[in-house]
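Just below is one structure, and these are the notes that go with it.
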Amino acid sequence: RRVHGMKRQITNVIIDPTDTFAYGCTKTGDILEISLEKALFKRLGPVKKIFSLGVTCVSLLLNGDLIVGCGDGTLAKIGNKDMIIKSQAQLMGAVTSITLTADGTYLFAGTSMCNMYWCDTDKLTPELRNTCHYDPINHVAFPYNFADVFATCSMNDIRVWNAKNRQELLRIQVPNVECFTISFMQDGKSIISGWGDGQIRAFLPQSGKLLYVINNAHMHGTTALATTANSSRIISGGMEGEVRVWKVGKQTQVMEASLKEHRGRVFDIQVSKSNDQAVSASADGSCIVWDLVTFTRSTCLFEKTMFKQVLYHPDESQVITTGSDRKIAYWDIFDGQQIRGIEASEGEINALGFINENYFLSGGEDKMLNLWKYDEGICYYRGEGHAGHIKKIAVSPDKKFIITVGSEGAILFWNIPEEVLQPKEESAPQQLYHLSLIHI
């Protein structure tokens, strides 16, 4: 739009309470003041200053001053009389929205990096009130037998959260590298993570300090991890199909075996309770059960699908798998034969989770969390809340709630139905019930 000889692209407009003036925010990084009565350009602000990456949002205080948010993360207060910046603050991410309290003394500001700030409108002192990932969340994990905290990973970082108040406790950042998978060592002394640069990194869970790095663990990315109960071994999977076993000591990390039978990305690895067996799920359409004593293949499961996840049944006599064919399959662990296949979704299924030996969960591209009865293969509960694909599911160790993470960067908490935890002897319900979200 050409105004008074100036060409500007206006992104936002706000009108003062008296309907006298309109203020237009521009991609150039300034603000136009327009007289509504005569439809005339009055002035340009702020004086001798242009905000980087444009002015993205604006709000009007009761005294006529402007609060503006900018693409470079600047939050500024501009005087109505002289168009001079009175105060400003720097936020993380481009400011996307500003909401004032009723009396105009405080405001909430949201940013493109999923941060929500609480500020006073006088000094503009920001206080971080809420935050989350701003890229797809790839994995979620609980420490062994401890439900008060959990960890998630995404592009650039790992975050540790308080499960009770949903507040971030720790952020571990590795710039410009995507974290594909995380796991807690069962002794609770380290967080193990697999990254897009092929490294396996271990961090201290309280300080976030780097404990050790296994360099070049996998070409093109470490995509799956599992640990043994004695915390002495890590089993990792890579983008090119390798499954590797690492012996972890106090000072050294040594590769014990490299098992190369998969021909595609390893999406998931699970270790048995006895620690002598592991199963890996791959995009090449195979799940392989490995003997961790002899480092050889015990059993192989084949299907025309990209396997996304595999889980041991709690009694470990069977495994269940899921993937791109939209099915959930039950397999006998000893002979590798499929016992049952369930048409479970209209889209790809990415995640599974066991609540107990009678019930399990699934989620994927249909954005629904489904709760199934294992023996019957029937879905009795369904939860809707995600705006993107469900990427992973975690059931709290105390069996009180479920966490799902999605491609939109959301972390959702779900109640576990009482009937699932304490099943009655009567027949199962004959209708589909809704899973409920936990409200903070």
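Here the structure is a predicted model, which is why all the values come from computation and not from measurement.
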Applying salt bridge (charged side-chain N to carboxylate O under 4.0 Å, His left out) to D30 and R8, what does each step give before you reach the verdict? CA-CA 9 Å; D30 48 23; R8 294 289 189 270; 2.9 Å; yes

Taking salt bridge (charged side-chain N to carboxylate O under 4.0 Å, His left out) as the definition, give me every residue that meets it alongside E37, ordered by chain and number, with sequence neighbours left out.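 With sequence neighbours excluded, E37 shows a salt bridge (charged side-chain N to carboxylate O under 4.0 Å, His left out) to no residue whatsoever.
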
Is any side-chain heavy atom of R159 less than 4.5 Å from a side-chain heavy atom of I172? no

With a 4.5 Å heavy-atom cut-off, do T105 and D120 have their side chains touching?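 Not touching, per the 4.5 Å side-chain cut-off.
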
Exercise: identify the closest heavy-atom pair between [X] and [Y]:
{"X": "G409", "Y": "I137", "result": "O-CD1, 3.4 Å"}
{"X": "S232", "Y": "T228", "result": "N-OG1, 3.7 Å"}
{"X": "L292", "Y": "N275", "result": "CD1-O, 3.7 Å"}
{"X": "S59", "Y": "L100", "result": "OG-CD1, 3.1 Å"}

Check residues 188-195 and write down every donor-acceptor pair under 3.5 Å in which the side-chain atom is one partner and the other belongs to a residue at least two apart or another chain.
from, atom 1, to, atom 2, distance (Å)
S193, OG, W195, NE1, 2.7
S193, OG, R201, O, 2.8

Check the angle between the aromatic planes of [X] and [Y] and answer parallel, tilted or perpendicular using the 30° and 60° thresholds.
{"X": "F360", "Y": "F354", "result": "tilted"}
{"X": "W246", "Y": "H218", "result": "perpendicular"}
{"X": "F150", "Y": "F142", "result": "tilted"}

side-chain contact (heavy atoms from CB on, under 4.5 Å) filter on T305, not counting sequence neighbours, yields E303, F307, S324, D325

Once rounded to the nearest 0.5 Å, what's the spacing between atom CZ of R265 and atom NZ of K308? 8.5 Å

Ion pair present between R129 and E127, side-chain N to carboxylate O less than 4.0 angstrom?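 Salt bridge between R129 and E127, a charged N being under 4.0 Å from a carboxylate O: yes.
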
Around atom [atom1] of [X], are there more than 12 heavy atoms from other residues, nucleotides or ligands closer than 6.0 Å?
{"X": "Q206", "atom1": "CD", "answer": "no"}
{"X": "M113", "atom1": "CE", "answer": "yes"}
{"X": "K400", "atom1": "NZ", "answer": "no"}

Hey, are [Y] and [X] close enough side-chain-wise for a donor-acceptor pair under 3.5 Å?
{"X": "N138", "Y": "E178", "value": "yes"}
{"X": "H262", "Y": "E242", "value": "no"}
{"X": "D157", "Y": "H133", "value": "yes"}

Quick one, R233 with E256, criterion salt bridge (charged side-chain N to carboxylate O under 4.0 Å, His left out). Give me CA distance, side-chain angles, the key distance, then yes/no. CA-CA 9 Å; R233 278 178 173 175; E256 286 189 310; 2.9 Å; yes

Between F180 and H139, is the ring centre distance below 6.0 Å? no

Determine whether the aromatic ring centres of residues Y380 and W372 are separated by less than 6.0 angstrom. no

